[in-house]
Amino acid sequence: MISRIDLRGDALPEGGALRSLLPRAEFDVEAALEKVRPICEDVHHRGTAALIEYAQKFDGVELSQVRVPAEAIEAALEQLDPAVRAALEESIRRARIVHRGQRRTEHTTQVVPGGTVTEKWVPVERVGLYAPGGRSVYPSSVVMNVVPAQEAGVESIALASPPQKEFGGLPHPTILAACALLGVDEVYAVGGAQAVAMFAYGTEDCLPSNMVTGPGNIWVAAAKRYFTGKIGIDTEAGPTEIAVLADSTADPVHVAADLISQAEHDPLAAAVLVTDSAELADAVEKELEPQVAATKHVEDRIKPALAGKQSAIVLVDSLEDGLKVVDAYGAEHLEIQTADAAAWAARVRNAGAIFVGPWAPVSLGDYCAGSNHVLPTGGCACHSSGLSVQSFLRGIHIVDYTRDALAEVTHHVVTLAEAEDLPAHGAALKARFGWKVPTQ
């Protein structure tokens with residue numbers, strides 16, 4: 001059901017050589033880019049008419065408008081299962097606690113007497129958030145996108161989610177109910193690359209956004225790449241991943257269940273166990289069979305995901321080697337199920353989020369840990385972070401110098417400007433002092 005990669009016996013290679021030995025899904029965003037380009041430009045030129053046409057073509061629904069009526073959002077909340085509402089409210093409450101603690105404050109540094117640099121943090125004015133609606137419905141992604149944007153102070157928030165034939169061309173009602181709970185009333189029944197294009201260019205109905213965030217399929221990722229530079233994006237989200245670093249103390253029942261929990265997302269989902277215990281590897285592999293047989297989405301998602309080239313049990317000589325492997329892999333979600341798990345977790349450099357010990361499974365983070373589940377995939381955790389309040393903030397430096405403070409440093413500025421053959425830079429200072437460099 002799942003392959004093995006044996007890295008025992010020899011010294012582990014470094015850097016890219018080690019990464020090349022590890023499993024990874026094929027996710028060719030560049031190839032998809034050529035297919036989304038005409039869609040994006042069509043939305044640019046035809047606006048809402050193009051969006052309505054693509055809803056018919058890709059989602060099989062006939063729309064007269066793409067903006068979701070306010071009464072549909074209100075009705076979705078009224079009809080929401082009380083237990084689901086309570087769970088969403090708790091998820092929102094915990095996410096607010098964590099993200100409110102991420103707020104940055106203005107800070108002023110006195111560089112020299114009379115010379116200060118202040119860094120202030122300003123939220124982007126408007127964001128477009130994307131909530132997927134393909135194989136599954138993800139109200140949790142609504143929470144994870146909206147809460148940090150709100151806590152950052154973003155004033156204008158719009159959300160798009162694919163229209164659903166089953167619900168008369170509206171996004172899934174649980175998505176709409178989550179929007180209602182969060183106070184988001186600007187919602188569009190638009191999916192895929194066309195949703196990103198709507199936010200990037202704007203249409204008759206939707207103002208353009210400064211930034212687009214939220215997970216999606218390869219077409220959403222490709223559209224984000226297409227608009228990089230025109231708008232801000234969070235990340236080009238690829239297939240979801242879990243890596244588990246475990247030793248002989250780990251419970252194979254837990255490990256198997258956690259691997260399956262990510263595999264049920266998508267046939268390209270990655271499930272990776274890194275362990276120095278061959279006995280644990282055997283036990284996990286044995287445990288996968290009955291647990292897979294007892295759940296849903298087996299043939300279309302879980303089995304293809306576990307059997308795919310992106311998933312494997314990786315055997316290593318030691319946890320030290322295991323640490324090197326998970327750092328090279330840079331998982332979206334990394335569980336540490338070892339003795340002294342917190343100490344090993346503290347040494348990890350590359351991961352979107354780290355889950356410590358047997359009582360912090362990835363599923364907790366997906367919904368109710370308070371952490372954010374919009375995380376870097378495809379090894380991007382080595383240079384990128386998950387979605388947070390900071391994602392929606394811009395740091396701006398405010399430089400304030402007195403005449404004396406400028407005079408004191410003018411000779412250095414002039415010297416550096418001339419060293420770079422940019423004499424006008426130096427002249428901009430000389431002009432303030434009668435074209436003479438102040439004496440020190």
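Position 1 is the first residue of the sequence; numbering continues from there. The analysis underlying the following values was restricted to heavy atoms, covering all of them including side chains, and did not include hydrogens, waters or symmetry mates.
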Give a yes/no verdict on a cation-pi contact between Arg126 and Phe199, requiring under 6.0 Å between NZ or CZ and the six-membered ring centre and an angle within 45° of the axis. no
State, without any angle test, whether Glu106 and Thr118 hold a side-chain donor-acceptor pair at a distance under 3.5 Å. no
Charged N to carboxylate O below 4.0 Å: is that the case for Lys324 and Glu14? no
Checking side-chain polar atoms at under 3.5 Å, does Asp205 have a donor or acceptor matched by the opposite partner on Thr203? no
Could you check whether Gln337 and Glu335, counting side-chain N and O atoms only, form a donor-acceptor pair closer than 3.5 Å? yes
Do Val325 and Asp321 come within less than 4.5 Å of each other through their side chains, counting heavy atoms only? no
Measure the acute angle between the ring planes of Tyr201 and His44, then classify it against the limits of 30° and 60° as parallel, tilted or perpendicular. parallel
If you count every heavy atom of other residues, nucleotides or ligands that lies below 6.0 Å from Glu34 atom CD, does the total exceed 12? yes
Distance-only donor-acceptor hits, side chain of residues 339-348, under 3.5 Å, sequence neighbours excluded:
{"unit_1": "Arg347", "atom_1": "NH1", "unit_2": "Glu320", "atom_2": "OE2", "d": "2.8"}
{"unit_1": "Arg347", "atom_1": "NH2", "unit_2": "Glu320", "atom_2": "OE1", "d": "2.9"}
{"unit_1": "Arg347", "atom_1": "NH2", "unit_2": "Glu320", "atom_2": "OE2", "d": "3.3"}

Do Asp234 and Ser391 have side-chain N/O donor and acceptor atoms under 3.5 Å apart? no
Among Gln102, Arg100, His99, side chain to side chain donor-acceptor pair (under 3.5 Å) partner for Glu151: Arg100
Arg94 CZ to Ser371 OG distance, which is reported to the nearest 0.5 Å: 11.0 Å
Just by distance, with hydrogens left out, do Asp42 and Tyr54 show a side-chain donor and acceptor under 3.5 Å apart? yes
Assign the ring pair Phe355 / His333 to parallel, tilted or perpendicular, where the plane angle (0 to 90°) is split at 30° and 60°. tilted
